[in-house]
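Before any comments, here is the structure.
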Amino acid sequence: MAVALLEDWCKIMSVDVQKSLMVTGIPVECGEAEIQAVLREALKCVGSYRLLGKIFRKQDNSSAVLLEFVEDMDVSVVPKEVQGKEGVWKVVFKTPNQDTEFLQRLNLFLEKEGQTVLGMFRALGHEGVSPANALCTSPELLAHLVGQAVVHAPRPLLPTRHCKLRMFSGSTAPAPEEEPFEVWLEQATEIVKEWPIPEAEKKRWLMESLRGPALDLMHILQADSPSISMEACLEAFKQVFGSLESRRASQVRYLKTYQEEGEKVSAYVLRLETLLRRAVEKRAIPRNIADQVRLEQVMAGANLSNVLWCRLRELKDQGPLPTFLELMKVVREEEEEEASFEHENREEPREREGYARWDRDRN
């Protein structure tokens, strides 16, 4: 949480958080002089300040700076973002009544759900908390407890309002509102693996989305085994409605997929990833070598520039092997560099032509 980082940083630097702010999203290569130039213009209406420090934020691969103002800030004139190098930089600050606003919103939310702060403590296993202690709990601890409730609770802390799965029937002539099997299966798998709800509730949501032959199959599965798990149900659906492509066929299809004419390398990598994951699911390609297989296929099947080929070759030889997202990042960086270079080359002839005309006119 950005405000929490601001508060911790102010504690470390022994400065007043109400007279400080943090700017995030700054490109790593920006020097102090360049940062100061941007902030001096953007924050001139706020007042005089001094830059206390700069840190690197690994999660978004950018830098953040901490500023302390000489006098109390008028938060009404502090911009929430400034236009800096390579885009928008976020401005993080704490309003004087921010803690009160958080507590009011939390209590209002719990009240609408028929809950209380004390009830939330008990639901998380904090049985020894009294009503007086619950009301005096800091906003930071309450925010942490809400996070625990969302991430770690074995069942929903509050009544769950779910979004229905799209319809799936398995019919040879599906209705327009139906999802293809692969899309429906992905949504159903998410419910099985990630939604913190009882098994019976998961089955009910699954049944609501089924029609025709698919619903018939679910009734057959439950009749044969009333206690059948959701995982077993989805495996049965894969066998009945899933692709009949063999392991060998999925492997060959992946290895014979090449970049098409006019297709960007990044688009090819994305298209290839879908086939790779399908091959891994069918165990045609071992999961533990997927990163290696992905990189080798891109190097063999894509039309790479010399620079990009060298970068990928270096990753292959020196490691560690990139994941899908890491590989995509490298490819996109090189595509942007090439696009920028081509743009500059188109602009230079126009500039030279302009200078030539100016010289002729002068002569």
Side-chain angles (χ1 to χ4, degrees), residues 1-112 116-118 120-121 129-151:
M1 189 176 180
V3 174
L5 175 60
L6 169 64
E7 292 175 330
D8 291 342
W9 201 351
C10 287
K11 288 178 183 177
I12 294 172
M13 300 297 292
S14 299
V15 296
D16 185 358
V17 69
Q18 300 293 350
K19 297 173 64 176
S20 307
L21 60 78
M22 181 174 65
V23 182
T24 65
I26 303 172
V28 178
E29 63 272 14
C30 276
E32 181 175 342
E34 190 171 1
I35 295 172
Q36 289 278 27
V38 172
L39 298 182
R40 191 179 302 113
E41 177 64 25
L43 303 175
K44 60 184 179 182
C45 59
V46 183
S48 301
Y49 65 85
R50 62 190 182 108
L51 195 153
L52 298 180
K54 177 182 176 184
I55 59 173
F56 172 69
R57 303 186 71 201
K58 185 177 180 180
Q59 63 267 37
D60 54 8
N61 192 34
S62 66
S63 296
V65 296
L66 177 66
L67 310 179
E68 181 190 25
F69 283 80
V70 176
E71 300 176 351
D72 291 339
M73 295 187 302
D74 180 1
V75 294
S76 65
V77 299
V78 178
K80 293 184 178 180
E81 56 187 34
V82 299
Q83 186 64 41
K85 182 179 180 181
E86 295 185 12
V88 173
W89 301 355
K90 299 291 183 181
V91 180
V92 180
F93 56 93
K94 186 174 180 180
T95 59
N97 59 344
Q98 195 160 341
D99 290 344
T100 304
E101 289 177 357
F102 171 78
L103 293 174
Q104 289 174 341
R105 290 180 183 181
L106 177 61
N107 282 313
L108 181 61
F109 169 73
L110 292 173
E111 184 180 342
K112 287 181 178 178
T116 63
V117 173
L118 184 60
M120 183 179 69
F121 273 94
V129 178
S130 67
N133 290 337
L135 293 174
C136 295
T137 303
S138 68
E140 291 81 3
L141 178 56
L142 284 173
H144 175 68
L145 290 173
V146 172
Q148 280 188 322
V150 172
V151 177

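Numbering starts at 1 and runs along the sequence shown.
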Q. side-chain hydrogen bond (donor to acceptor under 3.5 Å, both in side chains) with R40: which residues, sequence neighbours excluded?
A. none
Q: Could you tell me which non-hydrogen atom of A42 sits nearest to which non-hydrogen atom of V82, and how far apart they are?
A: CB-CG1, 3.3 Å
Q. Which atom names give the shortest non-hydrogen contact between V70 and K19, and what distance separates them?
A. O-NZ, 3.3 Å
Q) With respect to C10, which candidate in V15, D16, L5 satisfies the side-chain contact (heavy atoms from CB on, under 4.5 Å) definition? A) V15
(Q) Applying ring-ring contact (aromatic ring centres under 6.0 Å, His included) as the test, list every pair that has at least one member in residues 56-81; sequence neighbours left out. (A) Y49-F69
**Q.** Nearest atoms (heavy-atom pairs only) where W89 meets C30
**A.** CZ2-SG, 4.1 Å
(Q) With rounding to the nearest 0.5 angstrom, report the CG to CD distance, L39 to E34. (A) 10.5 Å
Q: Could you pull out all residues at least two apart from E41 that satisfy side-chain hydrogen bond (donor to acceptor under 3.5 Å, both in side chains)?
A: K44
Q. Taking atom OG of S63 and atom CD of E29, what is their separation to the nearest 0.5 Å?
A. 8.5 Å
Q) How close do L6 and L21 get, heavy atom to heavy atom, and via which atoms? A) CD1-C, 4.0 Å
Q.
If you compare all heavy atoms of V28 against all heavy atoms of N61, which two are closest, and at what distance to 0.1 Å?
A. CG2-O, 3.6 Å
**Q.** R57 CZ to I26 CD1 distance, which is reported to the nearest 0.5 Å
**A.** 10.5 Å
Q) Looking at CD1 of I55 and CG of L66, how far apart are the two atoms once the value is rounded to the nearest 0.5 Å? A) 8.5 Å
Q: Mind checking the OG-CG spacing from S48 to L43? Nearest 0.5 Å is all I need.
A: 11.0 Å
(Q) I'd like to know whether NZ of K90 has more than 12 heavy-atom contacts from other residues, nucleotides or ligands below 6.0 angstrom. (A) no
Q. From M22 CE over to E7 CD, what is the distance, rounded to the nearest 0.5 angstrom?
A. 10.0 Å
**Q.** Shortest non-hydrogen contact between V38 and G84, atoms and distance
**A.** CG1-CA, 4.1 Å
